[in-house]
**Student:** 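Once you've had a glance at the structure underneath, I'll fire off some questions.
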Amino acid sequence: MDGAVLSREFFDGPVEEVAPALLGHVISHRTPEGEVAARLTEVEAYAGPLDPASHAYRGPTPRNEVMFGPPGHVYVYFTYGMHFCMNLVCGPDGTSMAVLLRAGEIIAGEDVARARRPRSTVRDLARGPARLCQALGVAREQNGLDVCAPGGAMTVLRGEPADPALIRNGPRTGVNGAKEIPWRFWIEGDPTVSPYRPHVPRQRRKITTEG
DNA sequence: CTCTAGATCCTCT
DNA sequence: GAGGATCTAGAGA
């Protein structure tokens, strides 16, 4: 990596075009523990108000307000009571499109990432959206960070763009609505792409005590 | 590899 | 109150 940061214009476009274009580029996060960088191998696009699967579908809330701001910022959210996931906001200020970063290959700071995920194999360090956040040390405090500022704590660096012939797309993972929108993009054959798991609503541990 | 289940709390209705 | 853009461990094949 030579430290070239992707421009804000890169993110200021239709999310379904920005998402596959991100494959092969590098997300990097610097903390006091060190810097960790991951080459993106799998992403998902979310289209805002038109997309029932998007957090922005029902309009702005305190949680999703970053999605409605300018492109090139990070939207971090907390889910399942214990995990964080990160998105890169796309499209003009006022729209609410974003790309969920689902998986990557750790290419720098592997020692720091392994310290954060001691039970993980190297392959699994960032193989999944919550794993990626954990490996990079991303949590609530990083919500809203600008990734287009050279020298910033979190940046997206220009890498080797994925070979277009190897880019695949299919249904998004873990979502209930809009399954027909095939906006999960990944690099075919890359071992760090996460396994596809269809969504199954969790059963709440027994509701009725019957009587 | 597959399947099952538990963890755990924030957010919006 | 219900359920979630998930992960891990354990059992079985």
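So you know, we letter chains A, B, ... as the sequences are listed, proteins then strands, and number each from 1.
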**Student:** Partners of A:Arg116 by side-chain hydrogen bond (donor to acceptor under 3.5 Å, both in side chains), sequence neighbours excluded?
**Tutor:** A:Thr31, A:Glu33
**Student:** How long is the line joining OH of A:Tyr196 and P of B:dC3, in whole Å?
**Tutor:** 14 Å
**Student:** Can you give the dot-bracket line for DNA chain B, using ( ) for pairs inside the strand, [ ] for pairs that cross earlier ones, | for pairs with another strand and . for unpaired bases, where Watson-Crick and G-U count if both distances are under 3.5 Å?
**Tutor:** |||||||.||||.
**Student:** Running the 4.5 Å side-chain criterion over Ile, Leu, Val, Met, Phe, Trp and Tyr, what cluster does A:Tyr57 land in, apart from itself?
**Tutor:** none
**Student:** To the nearest angstrom, how far is A:Leu132 atom CG from C:dA5 atom P?
**Tutor:** 17 Å
**Student:** Can you check whether A:Arg127 has a side-chain N or O nearer than 4.0 Å to OP1 or OP2 of C:dC7?
**Tutor:** no
**Student:** Pick out the pairs of N or O atoms, protein on one side and nucleotides 10-13 of chain B on the other, that lie under 3.5 Å.
**Tutor:**
residue, atom, partner, partner atom, Å
B:dC12, OP1, A:Thr61, OG1, 2.2

**Student:** Measure the CD1-CE distance between A:Ile27 and A:Met154 for me, rounded to the nearest 0.5 Å.
**Tutor:** 5.5 Å
**Student:** Could you check, using the six-membered ring where one of them is a Trp, whether A:His73 and A:Phe11 have ring centers closer than 6.0 angstrom?
**Tutor:** no
**Student:** Return the value, rounded to whole Å, for the distance between atom OH of A:Tyr80 and atom C1' of C:dG3.
**Tutor:** 8 Å
**Student:** Among residues 38-54 of chain A, which residues get a heavy atom nearer than 4.0 Å to DNA chain C?
**Tutor:** A:Tyr46, A:Ala53
**Student:** Look at all strands and tell whether A:Arg184 reaches a base, only sugar-phosphate, or nothing, counting heavy atoms closer than 4.0 Å.
**Tutor:** nothing
**Student:** Using a 6.0 Å distance limit plus a 45 degree cone around the ring axis, check whether A:Arg140 lies over the aromatic ring of A:Phe78.
**Tutor:** yes
**Student:** Name the atoms and distances for all side-chain donor-acceptor pairs under 3.5 Å in residues 141-150 of chain A, with sequence neighbours left out.
**Tutor:**
residue, atom, partner, partner atom, Å
A:Gln142, OE1, A:Ala139, N, 2.9
A:Asn143, OD1, A:Val76, N, 2.9
A:Asp146, OD1, A:Arg8, NH1, 3.2
A:Asp146, OD1, A:Arg8, NH2, 3.3
A:Asp146, OD1, A:Cys148, N, 2.8
A:Asp146, OD2, A:Arg8, NH2, 2.8

**Student:** A:Ser96: what forms a side-chain hydrogen bond (donor to acceptor under 3.5 Å, both in side chains) with it, not counting sequence neighbours?
**Tutor:** none
**Student:** Between A:Arg127 and A:Asp124, does at least one N-O distance fall below 4.0 Å, as a salt bridge requires?
**Tutor:** yes
**Student:** Polar atom pairs between nucleotides 9-13 of chain C and protein, under 3.5 Å, N or O only, would you list them?
**Tutor:**
residue, atom, partner, partner atom, Å
C:dA9, OP1, A:Arg119, NH1, 3.2

**Student:** Would you mind reading off the distance between A:His55 atom NE2 and C:dG3 atom C1', rounded to a whole angstrom?
**Tutor:** 12 Å
**Student:** Examine the base of C:dA5 for any acceptor or donor lying under 3.5 Å from a partner atom in the side chain of A:Tyr77, and report the outcome as yes or no.
**Tutor:** yes
**Student:** Quick one: ring pair (Phe, Tyr, Trp, His ring centres under 6.0 Å) pairs with a partner in residues 151-174 of chain A, sequence neighbours left out?
**Tutor:** none
**Student:** In sequence, state the C-alpha distance, the side-chain angles, and the governing distance for A:Ser28 and A:Thr155, and then conclude on side-chain hydrogen bond (donor to acceptor under 3.5 Å, both in side chains).
**Tutor:** CA-CA 5 Å; A:Ser28 176; A:Thr155 47; 4.5 Å; no
**Student:** Taking for each residue the nucleotide of DNA chain C with the nearest heavy atom, is it A:Ala98 or A:Ser120 whose nucleotide lies nearer the 5' end?
**Tutor:** A:Ala98
**Student:** Out of curiosity, A:Met67 CE to A:Thr61 OG1, how far, rounded to the nearest 0.5 Å?
**Tutor:** 9.5 Å
**Student:** Grab the NE2-C1' distance between A:His83 and B:dG6 for me, whole Å please.
**Tutor:** 11 Å
**Student:** Could you give all pairs that pass the salt bridge (charged side-chain N to carboxylate O under 4.0 Å, His left out) test and reach residues 95-109 of chain A, with sequence neighbours left out?
**Tutor:** A:Arg39-A:Glu105, A:Glu42-A:Arg102, A:Glu44-A:Arg102
**Student:** Grab the CZ-P distance between A:Arg131 and C:dA5 for me, whole Å please.
**Tutor:** 18 Å
**Student:** Provide the full list of salt bridge (charged side-chain N to carboxylate O under 4.0 Å, His left out) pairs with a residue in residues 46-72 of chain A, sequence neighbours left out, each pair given once.
**Tutor:** A:Asp51-A:Arg172
**Student:** Nearest to the side chain of A:Met82 - B:dT8, C:dT8, C:dG4?
**Tutor:** B:dT8
**Student:** Residues two or more places apart in sequence or in another chain: which of them pass side-chain hydrogen bond (donor to acceptor under 3.5 Å, both in side chains) with A:His55?
**Tutor:** A:Tyr75
